[in-house]
Number of protein chains: 2
Amino acid sequence: MLKYQQIADEIEHYIEERELQQGHKLPVLEEWIARFEASKSTLTKALELLERKGVIFQVRGSGIFVRRHKRKGYISLTSNQGFKKDLEDFKLSSKVLELDVRKPTREAASNLNVSVDDDVYYVKRIRYIFEQTLCLEESYFNKSIVTYLNREIAEDSVFQYVKEGLGLKVGFSDQYMHVNKLNVEEANYLGLKKDDPKFVMESIFYLTNGQPFDFSRVTYNYIQSQFFIQAGE
Amino acid sequence: MLKYQQIADEIEHYIEERELQQGHKLPVLEEWIARFEASKSTLTKALELLERKGVIFQVRGSGIFVRRHKRKGYISLTSNQGFKKDLEDFKLSSKVLELDVRKPTREAASNLNVSVDDDVYYVKRIRYIFEQTLCLEESYFNKSIVTYLNREIAEDSVFQYVKEGLGLKVGFSDQYMHVNKLNVEEANYLGLKKDDPKFVMESIFYLTNGQPFDFSRVTYNYIQSQFFIQAGE
DNA sequence: TTCAATAATTGTAACGGTATAATTTTATAA
DNA sequence: TTATAAAATTATACCGTTACAATTATTGAA
């Protein structure tokens, strides 16, 4: 594991362990350098990582301070990877409705940068949180990259499989969001009524080399849809 | 202006000028170093900035590539500052409905970290895009920080005034989002119907030193509400 | 030609240093 | 005591270097 990553983790752990609150001043840079026996730049990098993650904020001439958001149960939009991480503590489960190899829709083909004649894996599933329906998800995977998939994998985490099972490296993603009204089918799946609000997130996930491998559309139950971002400048 | 900022801007400009598309390979690191007569670390920092901004992606051993998202008209959630920046090209305007000094609600006081007896500026306004209602916005400003405000400022950009007029430095923000149904009043303002969907964003903006100075709740017209994020790992 | 081994390319990690800008503390003067 | 100037603290900008990992290009054998 990278040194600056390791250090960042340890500092975050330091904060959690002591339950330090918003605004609490942490030891100064030089102290961390001494503590971890690393260079200034390595520590700067670790701290910058934590800053972007929303764990701390730094003030030049003043110090390093704890940053904390108050509200619980919100899904983070910045640290992606199928929110698996943010809701770790919560009871998440999935039911796979469909899983097959097929030809992509024009839209999916365009987003995955493949032809409509190429094969893709199609997965449709419902995700539950605390026994309640969280969202309805349709995904298309480029089959020439994600060469194999089954129900068992889809019930757990496709991303974990892609990374660990297939050894692929996920790089970045584009995420488009909008709000609209549910149609009958969606309402049935989510246990809501037609024309109730829906929050839709369309995502395209890319490997580190820039190849898109997953296009998915997630329709959220508006009652469970609470998101947050901790933004910088 | 910072050198790495300047360089980042110029590289971005280089891409726009040539209308380079997704996946286009840019000159290698060493070339940029020579071109800008800067150190490797400075260029690395500039490129890292562009990477986070979603303008490029870098592949070790391979090169630097252009990143572009296809869809237009989406509001970016990562580069904050009241979306002024992202919709710059679009015709945005505001109508101020209310502006006064008052005592904050308990909720606002809590988010601004002040007492319910302290004074805050309250601003309520509607924002239009292409003559259409984009959102309804209610803001509370900590009056001991934002010492003065008037309708003229509120009709333009409060943030610009805070930064340039008052010389304050905006640091970061927490943004909470959820979806729900419009009530009668909101529906009237937005030209929609009761129980139509709404997208609500509650934001707390902080100065660089960590002081919260603005708490605002923005209720979006769901028809105009299209957002995007370009996320990294 | 095909495939595997090797070399070259290219971005990233990590070191360490000097200078500087923002903030806080201390000292000084009124 | 209060305000002001100076000094100390502290994070950040920027420089430059070595080592390394991932990818791509080249070579050479079968």
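Only a predicted model underlies this, so the values are computations on that prediction, with no experimental measurement involved. Chain letters run A, B, ... following the sequence lines, proteins first, then strands; residues in each count from 1.
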Worksheet item: Would you say Gln58(B) reaches dT12(C)'s phosphate, i.e. side-chain N/O to OP1/OP2 under 4.0 Å?
Response: yes
Worksheet item: So does Thr42(A) get a side-chain nitrogen or oxygen closer than 4.0 Å to the phosphate oxygens (OP1/OP2) of dA14(C)?
Response: no
Worksheet item: Honestly, is Arg217(B) close enough over Phe215(B), meaning NZ or CZ under 6.0 Å from the six-membered ring centre and within 45° of the axis?
Response: no
Worksheet item: So, does the side chain of Lys25(A) form a donor-acceptor pair with the base of dT10(D) at under 3.5 Å?
Response: no
Worksheet item: Phosphate oxygens OP1/OP2 of dG16(C): is one of them under 4.0 Å from a side-chain N or O of Ser41(A)?
Response: no
Discussion item. Taking the nucleotide of DNA chain C with the nearest heavy atom to each, does Asn209(B) or Tyr4(A) sit closer to the 5' end?
Written reply: Tyr4(A)
Discussion item. With nearest nucleotide decided by heavy atoms, which residue, Gly61(A) or Leu43(A), maps closer to the 5′ end of DNA chain C?
Written reply: Leu43(A)
Worksheet item: Distance check: side-chain N/O of Lys3(A) vs OP1/OP2 of dC15(C), anything under 4.0 Å?
Response: yes
Item to complete: Could you tell me whether Arg67(A) and Asp174(B) make a salt bridge, using a distance below 4.0 angstrom between a side-chain N and a carboxylate O?
Response: yes
Discussion item. Looking only at the side chain of Ser39(A) (C-beta and beyond, no hydrogens), which of the listed nucleotides dG11(C), dA11(D), dA14(C) gets closest?
Written reply: dA14(C)
Practice prompt. Among Val116(B), Asp118(B), Asp119(B), Val114(B), find the residue that satisfies the side chain to side chain contact (heavy atoms under 4.5 Å, CB included) test when tested with Lys103(B).
Written response: Asp119(B)
Worksheet item: Taking the six-membered ring for Trp, is the centroid-to-centroid distance between Phe227(A) and Phe199(A) below 6.0 Å?
Response: yes
